[in-house]
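For reference, the structure is listed below as structure tokens.
This one's a predicted model, so the numbers in the text were calculated from it and none came from an experiment. Residues take their numbers from the sequence shown, with the count starting at 1.
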Amino acid sequence: METSNHNSSIMDMFEKGKVLKICAPMVRYSKLAFRSLVRKYNCDICFTPMIVADDFMRSVKARDSEFTTNESDRPLIVQFAAHDAQTLADSACVVAPFSDGVDLNCGCPQRWATSAGYGACLINKPELVKDMVTHVRNQVDNPNYTASIKIRIHKDLRQTVDLCQKAESAGVSWITVHGRTAEERHQTVHYDAIKLIKDSVSIPVIANGDIKYLRDVESIHQLTGVDGVMAARGLLANPAMFSGYEDAPLECIWDWVDMAIEQGTSFTCFHQHLIYMLERVSSMPEKKVFNSLSSTSAVIDYLQNTYGLVRDLPDLISILKPQEQEVRRIAYKLSLVDFRSNYSYSLLIRIFSNLLSQPRSCLFFLIASCLYSSGFHQKLPLKMTLQWTVVALFLYVEMGILVILCLPFISARRWQSIFQLRIWSCMSRFWNKVFLTMIIILIVLFLDAVREVRKYSAKDLGSDAKLQPNMFDHLHMKLFRAQRNLYISGFAVFLWLVMKRVVTLINQLASASGSTAALQLQADNANQAAKKYTEDNELLKKTLMEGKGDKATAEGMELLRKEVEQMKEELKTSEDAVKKSQSEADVMKKQTDGLAREYDRLLREHQELQNLGDGEDKKDD
């Protein structure tokens, strides 16, 4: 893309009703990789870090290190710190083919800058500022090339208005106003001063100071009427701020990792940007660990293991093409919580209240949930650790086994026959050991989960909650993870015991069923025998009662004779048994009599021995 195309369109961007979103010049930070990142998230114009014009013109090494760009790095404004008009104009001529404008820093409050004649001290030299702008306008041969200034305000706003009007008369393209004085650092921004300046000039005015969220852009525009806003620290903490994200989304962090590595960013800069991005979502112990990392590979490993970064969610957003900013914020929440971690209750309430108010958001949420839960994120490591994934899988296996064991159409005796297969007999030797081992492991995990719950339940945010508004949600996510692990391990222990008890009860029920069947068979046989005997008796009675003639009498007599013989045989058997019992009783009686006589003899001998002992005792006396 040619430079002229950019130059002809950069002022057209200040069209009525459109508030430009601009990345501020930040020393050491707003370099090419970071500018590429914020452009991806709806940043309209980017500034380079402040470059000292004298060093830039004097040293080729300084030019190579301080100013890097590429074809996609547009629109681009190069900011210089200068105190000499010709030096600024020469620097502008050098960078003009590769940028869309230059900006004169008249707002840096640092002592080294003001002592060298740069930065905020220039707001007290309006004639010099006017001369610098005029030199740039006269010496850069591209009429569409912009020349702007970035200032701080005076305590006496009349001086600030005078400075801006003189810069306008010199042909300045626009003015960026940081709404604090040179002595103020973190005090409240004076938006009334910015409004006064906007009302005093006819050129575009950019507001700068305390821009932390996208909603601040519109509110400041409504308050001051400015043509754009410039963010610095807000973009450091959240490079996707201009896309409507409340905090840096995880896909944005991955984008930074990719871009920084691709463009050879130094580790110090790479690491520092991530420290800013993770500040709102990291707990204090996590910050200490992350800040101590000393290599790019260690940083990437930490991000993968701690946050399970979501890289596929932007593809889902591009497929669905949501129009509402609220949908994008919900998408961010999905990427932050990603269905594998834990929603805080307040976060759930906010998300679903937004869903109810926007049907399209609800549709997006449902589609995203289905795709996500069906494996849309398979490129990523699971947020749930391998340990808890295994425990959860074990829990579901237990539930499946219990469901199968309780199927009503499989009887207990059939289960017993399955349990008696050879494979189970081989495993039965290790069953008790395996059972006890699993119980111990699950109890240890349960106690660990209890410790985690107590740890995060006892967190007291105190004053840090105001400085880090996302810490509350982050700690609740950790607490919810610990509670999830507690439930998983507790139910796993419970179902493991239940499963063992169910198997035991099935075996007992099968044994009881077998015994009942055997007893039923014996009862059936006894009933059949009794029924046959009853039928024979009835036949005999019928023959005796209804029989006529000698033949019937003979048959009856024959039956009676057989019955009598049978009874005689049984009587004889009984007599033999009685005789045998009588003889055994006689033998036992004889033995008893012998034992009684022996007892009497022993008793007499004992008495004699006792008498003998008593007599000897008397002699001794």
Side-chain angles (χ1 to χ4, degrees), residues 10 13 20-39 43-56 62-63 65-69 73-83 87-88 91-92 94-96 98-110 112-114 116 118-123 129 132-133 136 145-153 167 172-180 182 185 189 194 204-212 226-237 239 241-242 265 269 272-273 276:
I10 190 169
M13 296 173 68
L20 296 185
K21 298 179 282 291
I22 302 172
C23 176
M26 294 174 282
V27 178
R28 297 186 303 274
Y29 294 122
S30 53
K31 295 187 176 182
L32 177 59
F34 186 73
R35 297 198 300 268
S36 302
L37 179 65
V38 296
R39 289 183 193 279
C43 182
D44 297 316
I45 301 174
C46 288
F47 278 58
T48 67
M50 183 186 72
I51 302 172
V52 178
D54 289 336
D55 297 339
F56 186 78
R63 289 196 290 273
S65 62
E66 294 295 330
F67 180 65
T68 56
T69 185
D73 187 28
R74 311 297 282 273
L76 177 64
I77 306 299
V78 183
Q79 187 185 69
F80 286 106
H83 51 63
T87 304
L88 176 62
S91 301
V94 172
V95 300
F98 314 102
S99 61
D100 300 288
V102 293
D103 183 83
L104 175 62
N105 188 316
C106 303
C108 180
Q110 297 185 42
W112 71 267
T114 56
Y118 305 130
C121 68
L122 292 178
I123 62 175
V129 173
M132 289 182 178
V133 173
V136 172
Y145 197 72
T146 64
S148 58
I149 61 174
K150 184 175 184 293
I151 66 171
R152 284 189 174 232
I153 61 175
V172 73
S173 302
W174 73 79
I175 300 173
T176 302
V177 183
H178 185 97
R180 295 186 177 98
R185 292 296 182 268
V189 176
I194 298 177
V205 174
I206 307 299
N208 176 226
D210 284 355
I211 312 296
K212 297 180 179 179
V226 293
D227 304 275
V229 295
M230 176 182 287
R233 286 179 295 177
L235 281 178
L236 282 179
M241 177 180 68
F242 289 143
T265 305
C269 181
Q272 191 62 43
H273 273 292
Y276 280 117

- Residue pair Val172 / Ser148: nearest heavy atoms and the distance that separates them: CG2-CA, 3.6 Å
- Task: Determine, step by step, whether Arg180 and Asp210 satisfy the side-chain contact (heavy atoms from CB on, under 4.5 Å) criterion, reporting the C-alpha distance in whole Å, the side-chain angles of both residues, the deciding distance to 0.1 Å, and the verdict.
- Result: CA-CA 11 Å; Arg180 295 186 177 98; Asp210 284 355; 3.0 Å; yes
- Query: Does Lys150 reach the side chain of Met230, with side-chain heavy atoms less than 4.5 Å apart?
  - Reply: yes
- Task: Using a strict cut-off of less than 4.0 Å between a Lys/Arg side-chain nitrogen and an Asp/Glu carboxylate oxygen, indicate whether Asp73 and Arg35 qualify as a salt bridge.
- Result: yes
- Do Val78 and Phe67 have side-chain heavy atoms sitting under 4.5 Å apart? yes
- Query: Has the side chain of Thr146 got a donor or acceptor atom that lies under 3.5 Å from a matching backbone atom of Asp100?
  - Reply: yes
- Below 4.5 Å, heavy atoms only, C-beta onward: do Val229 and Asn208 meet side chain to side chain? no
- Query: To the nearest 0.5 Å, what is the distance between OG1 (Thr265) and CG (Leu32)?
  - Reply: 8.0 Å
- Task: Start with the C-alpha gap between Met13 and Asp44, add the side-chain angles, then the distance that decides, and say whether side-chain contact (heavy atoms from CB on, under 4.5 Å) holds.
- Result: CA-CA 9 Å; Met13 296 173 68; Asp44 297 316; 3.8 Å; yes
- What pair of heavy atoms forms the shortest contact from Arg28 to Pro49, and how long is it? N-CB, 4.2 Å
- Query: So do the side chains of Ile22 and Phe47 get within less than 4.5 Å of each other, counting heavy atoms only?
  - Reply: yes
- Rounded to the nearest 0.5 Å, what separation is found between the NZ atom of Lys212 and the CE atom of Met241? 11.0 Å
- Going from SG on Cys23 to CG on Leu76, what distance comes out if it is rounded to the nearest 0.5 angstrom? 10.5 Å
- Task: For the residue pair His83 and Tyr118, categorise the inter-ring angle as parallel (less than 30°), tilted (30 to 60°) or perpendicular (more than 60°).
- Result: parallel
- To the nearest 0.5 Å, atom CD1 of Ile10 lies from atom CD1 of Ile45 at 4.5 Å
- Does the pair Phe34 and Tyr29 meet the rule for a ring-ring contact (aromatic ring centres under 6.0 Å, His included), with working shown? CA-CA 7 Å; Phe34 186 73; Tyr29 294 122; 8.0 Å; no
- Check: Ile151 and Thr176 side chains under 4.5 Å, non-hydrogen atoms: no
- Item | Heavy-atom closest contact (Arg74 atom, Ser99 atom, distance) | NH2-O, 3.3 Å
- Considering all heavy atoms, the nearest Leu88-Met132 contact: CD2-CB, 3.7 Å
- Mind checking what makes salt bridge (charged side-chain N to carboxylate O under 4.0 Å, His left out) contact with Arg152, not counting sequence neighbours? none
- Query: Just wondering, more than 12 heavy atoms not from Lys21 lying within 6.0 Å of its NZ?
  - Reply: yes
- Any side-chain heavy-atom pair from Ile206 and Ile175 closer than 4.5 angstrom? no
- Evaluate the criterion side-chain contact (heavy atoms from CB on, under 4.5 Å) for residue pair Ile194 and Val226; output intermediate values, then yes/no. CA-CA 8 Å; Ile194 298 177; Val226 293; 3.6 Å; yes
- Message: Around atom CZ of Arg233, are there more than 12 heavy atoms from other residues, nucleotides or ligands closer than 6.0 Å?
- Response: no
- Any chance you could measure Asp103, atom CG, to Gln79, atom CD, to the nearest 0.5 Å? 4.5 Å
- Thr68 vs Phe98 side-chain heavy atoms within contact, under 4.5 Å: no
- Message: How close do Leu236 and Pro239 get, counting heavy atoms only, and between which atoms?
- Response: O-CD, 4.2 Å
- What's the spacing between Ser65 OG and Phe56 CZ if we round to 0.5 Å? 9.5 Å
- Message: Are the side chains of Cys46 and Val38 in contact, using a 4.5 Å heavy-atom criterion?
- Response: yes
- Message: I need the minimum non-hydrogen distance between Pro204 and Ser173, along with the two atoms involved.
- Response: CD-O, 3.4 Å
- Task: Quick one: do Trp174 and Ile149 satisfy side-chain contact (heavy atoms from CB on, under 4.5 Å)? Show the steps, please.
- Result: CA-CA 7 Å; Trp174 73 79; Ile149 61 174; over 6 Å; no
